[in-house]
Asker: 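Let me begin by handing over the structure; questions about it come next.
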2 protein chains.
Amino acid sequence: MSKGRVTVVDIARAAGVSKSTVSLVLQSSPLVNEATRAKVTAVIRDLGYVYNRGAANLRQSASSRIIGIVVNDLTNSFFAELAVGMDMVMQSAGYVQFLSNSAESVDRQREVIASMREHGISGLILSPARGTEAADLKPLVASGIPVLAVVRNVVGAKVSTLFSDNYAGAMDAVGHLIGLGHRRIAFLGGMANTTVFAERTAGWRDALNKAGIPASDDLVIASTASRAGGVAAVERALQLPEPPTAALCFNDAAAFGVCDGLRAKGKEPGRDFGVVGFDDVIEAETAVPALTTVSVDPQGMGRRAAQMLLKQINAGRAEPEAIVNSVRLVVRESCGAGGNGGARRMLA
Amino acid sequence: MSKGRVTVVDIARAAGVSKSTVSLVLQSSPLVNEATRAKVTAVIRDLGYVYNRGAANLRQSASSRIIGIVVNDLTNSFFAELAVGMDMVMQSAGYVQFLSNSAESVDRQREVIASMREHGISGLILSPARGTEAADLKPLVASGIPVLAVVRNVVGAKVSTLFSDNYAGAMDAVGHLIGLGHRRIAFLGGMANTTVFAERTAGWRDALNKAGIPASDDLVIASTASRAGGVAAVERALQLPEPPTAALCFNDAAAFGVCDGLRAKGKEPGRDFGVVGFDDVIEAETAVPALTTVSVDPQGMGRRAAQMLLKQINAGRAEPEAIVNSVRLVVRESCGAGGNGGARRMLA
DNA sequence: GCAGATAATTGGATCGTTCCAAATTTGTCA
DNA sequence: TGACAAATTTGGAACGATCCAATTATCTGC
């Protein structure tokens with residue numbers, strides 16, 4: 001009764017079989033007789049038995065059915081949705097996940113990964129904190145645990161990757177703004193000297209060049225990749241001698257900030273200024289004006305990441321693979337293309 | 001070498017001591033000689049030893065240093081921040097957390113809790129899915145695992161609770177709007193027949209009654225507790241024969257939706273209509289207009305929840321406690337009190 | 001140099017499961 | 001009924017750490 005937890009031995013005794021048989025029932029082996037199985041199952045229910053996965057994991061075979069997920073900023077809805085996507089797949093696959101936030105601190109990230117490792121994760125999905133080095137992941141990959149870097153990369157690390165097609169997405173978005181008649185198009189928000197920033201600005205630059213428009217460096221205004229960062233960036237943009245009439249923003253959070261900043265200056269986003277975001281977070285659709293944005297589908301990307309990792313775990317030892325998640329421009333209202341053909345109006 | 005993982009026995013052999021000594025070193029016991037400790041520590045580093053917590057947890061004493069967190073909607077930034085707050089405390093305390101999203105499904109919630117239990121969590125923080133019953137938590141509490149319900153309650157469950165003071169917060173918010181001169185104040189958004197909804201509308205009603213203003217039921221417009229729900233609710237509100245001039249919204253997400261809906265109808269929130277939210281999510285401060293809201297401080301609440309749970313885990317067997325997290329009205333711009341005393345202007 | 005204390009170390013036995021080889025039961029057919 | 005195969009069941013030895021009781025090394029003071 002109160003003598004600690006119920007174990008297979010207790011079940012065995014109560015059902016009048018051996019612990020081996022109980023074990024076979026637990027893993028629904030076809031070897032056991034139906035009558036026995038029924039009897040054991042009943043006893044398991046009656047005694048309120050709880051399977052002890054920790055004990056099972058002791059034997060060096062079989063995976064722990066635990067994976068680790070570490071993201072750099074869970075308060076950003078992009079990452080929250082990414083996590084939700086992963087959670088869905090993991091739940092259906094019968095896995096549980098340690099989920100932690102590194103808050104852009106490589107130290108916290110290192111600690112939390114170490115802790116997860118001690119608990120025996122069989123795989124790790126990491127959206128690395130800024131400044132993560134290949135060495136940080138070395139021991140993990142050396143011990144044969146599949147690691148998947150998402151969203152951002154870790155230079156030199158031999159891990160699988162899943163990134164979105166930042167370059168193509170930015171190209172498309174800027175191309176669309178050019179098609180609407182814009183000639184001075186800024187790139188607002190985001191921390192410079194990150195790979196993602198470099199890729200998105202490269203797309204911005206090449207789209208302008210392709211259209212024969214000079215891509216002037218003062219139209220690239222970095223800041224934090226947040227709502228507050230967007231406000232700050234657009235403020236500076238509007239103070240330029242020749243201010244832009246539209247902008248591709250580093251991400252949706254920054255884009256919302258840009259909208260806020262425009263309104264604070266008496267300009268209505270979508271009418272007086274074209275705004276395009278990046279990510280397509282859930283609020284993008286319902287915001288006013290609805291945000292035109294490069295849809296990365298964070299939940300979908302999360303699901304895909306989870307599937308990739310599970311595949312690698314099941315495959316035993318697979319070579320790292322690099323996948324780019326294609327993106328697509330979702331035209332809504334904030335770019336000024338909202339049905340009434342009003343884009344050119346802004347340029348008057 | 002490649003013969004599986006490195007264990008205490010390997011360390012012991014390499015360092016020329018017994019596994020018991022290695023174990024003592026691992027738990028930094030004062031019993032071991034400094035020289036020995038140094039030698040063992042060096043070997044541990046050299047061989048790349050990884051502590052196997054699962055093995056240690058087998059012995060019935062000692063906690064697993066794992067807790068479970070299950071929230072009903074991680075895509076809502078309120079819960080994401082709540083989770084981040086918990087994560088902070090847990091990380092510092094040397095715990096890791098399973099973090100999962102129930103997406104308001106009691107089935108998923110049940111499964112994920114069962115799974116966490118098999119993995120040996122030593123405590124659970126739950127923001128319950130709608131429809132959670134006391135029976136769902138019964139086995140968990142019966143086995144002596146501390147459970148803490150946050151944000152929402154589970155009627156009849158003998159667990160600790162941490163809720164925000166919904167009634168007082170709503171009272172304050174509505175009182176403030178009345179002070180600004182409003183007489184027709186709506187309550188917008190949120191799912192009716194939840195406890196939180198009942199508490200907030202009760203505060204709304206009593207504040208109106210206290211001021212001698214009749215609290216008419218058609219001013220309470222329920223919908224989902226999301227941005228989209230806010231848009232829908234304010235649309236209906238503005239179609240009333242005698243439309244409101246201000247509103248307390250169920251939460252910040254709904255409040256942002258209300259702002260969107262107002263703009264869609266050509267009304268500027270904060271100037272033409274007073275809007276007050278509830279939660280004080282991170283975007284509330286930087287939105288335009290900055291959202292006046294009842295600050296629950298989700299991160300702080302998360303930290304507090306984590307501390308409560310840890311306390312109970314360490315206390316061994318503590319009685320469930322019920323704590324209400326006090327809230328405070330943060331006056332920003334969306335209510336129309338933004339410095340220029342313009343509130344009464346809306347009523348002209 | 002030796003008793004007595006203190007410091008440091010060490011073999012098992014144990015936790016709850018899985019897995020293997022071996023044992024037992026049941027079934028089939030001549 | 002006996003021989004053989006197939007279907008079930010079962011002890012015990014892992015897995016990797018902890019903890020207790022017992023042992024050995026080191027230190028006192030005289």
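Numbered from 1 within each chain, the chains take letters A, B, ... in sequence-line order.
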Asker: D/dA17, D/dC19, D/dG16: which one has an atom nearest the side-chain heavy atoms of B/Gln27?
Answerer: D/dC19

Asker: What contact category does B/Thr7 fall into here, base, sugar-phosphate, or nothing, at under 4.0 angstrom with non-hydrogen atoms?
Answerer: sugar-phosphate

Asker: Strictly below 4.0 Å: does B/Ser23 bring a side-chain N or O up to OP1 or OP2 of D/dA17?
Answerer: no

Asker: Is any side-chain N of the basic residue among B/Arg152 and B/Glu104 closer than 4.0 Å to the acidic one's carboxylate O?
Answerer: yes

Asker: Which nucleotide in the set C/dG16, C/dG12, D/dT9 lies at the smallest distance from any side-chain heavy atom of A/Thr36?
Answerer: D/dT9

Asker: Tell me: NZ of B/Lys19 to C1' of D/dC20, nearest whole Å?
Answerer: 12 Å

Asker: In whole Å, what is the span from the CZ atom of B/Arg13 to the P atom of D/dA17?
Answerer: 13 Å

Asker: Quick check for you: among D/dC19, C/dT17, D/dT9, whose closest atom lies nearest to any side-chain atom of B/Arg59?
Answerer: D/dC19

Asker: Before giving the answer on side chain to side chain contact (heavy atoms under 4.5 Å, CB included), spell out for A/Val150 and A/Thr161 the whole-Å C-alpha distance, their side-chain angles and the decisive distance to 0.1 Å.
Answerer: CA-CA 6 Å; A/Val150 291; A/Thr161 57; over 6 Å; no

Asker: Side chain of A/Ser18, base of D/dG11: donor and acceptor closer than 3.5 Å?
Answerer: no

Asker: How long is the line joining CG of A/Leu58 and P of D/dC15, in whole Å?
Answerer: 10 Å

Asker: Would you kindly compare B/Val50 and A/Val17 by the position of their nearest DNA chain D nucleotide and give the one closer to the 5′ end?
Answerer: A/Val17

Asker: Checking contacts here: which listed nucleotide (D/dT18, D/dG16, C/dC15) is nearest the side-chain heavy atoms of B/Ala56?
Answerer: D/dT18

Asker: Between B/Ile44 and B/Leu26, is a side chain to side chain contact (heavy atoms under 4.5 Å, CB included) present by the stated rule, with each step listed?
Answerer: CA-CA 9 Å; B/Ile44 284 177; B/Leu26 284 175; 3.8 Å; yes

Asker: Are A/Glu111 and A/Arg108 ion-paired here, with the side-chain N under 4.0 Å from a carboxylate O?
Answerer: no

Asker: Taking atom P of C/dG16 as reference, at what distance in whole Å does atom CD1 of A/Ile11 sit?
Answerer: 12 Å

Asker: Starting at CG of A/Leu26 and ending at P of C/dG16, how long is that distance when rounded to a whole Å?
Answerer: 14 Å

Asker: Starting at CG of A/Asn52 and ending at C1' of C/dT14, how long is that distance when rounded to a whole Å?
Answerer: 14 Å

Asker: Assess whether a salt bridge exists between A/Lys311 and A/Glu321, defined as any Lys/Arg side-chain N lying under 4.0 Å from an Asp/Glu carboxylate O.
Answerer: yes

Asker: If I take atom CZ in residue B/Arg53 and atom P in nucleotide D/dG16, what distance separates them, rounded to the nearest angstrom?
Answerer: 17 Å

Asker: Give the rounded distance in Å between these two atoms: CG of B/Asn57 and P of C/dT17.
Answerer: 14 Å

Asker: Please tell me which of B/Ala55 and B/Leu31 maps to the more 5' nucleotide of DNA chain C, matching each residue to the nucleotide holding its nearest heavy atom.
Answerer: B/Leu31

Asker: Of the nucleotides D/dT10, D/dC19, C/dT18, which one has an atom closest to the side chain of A/Tyr51?
Answerer: C/dT18

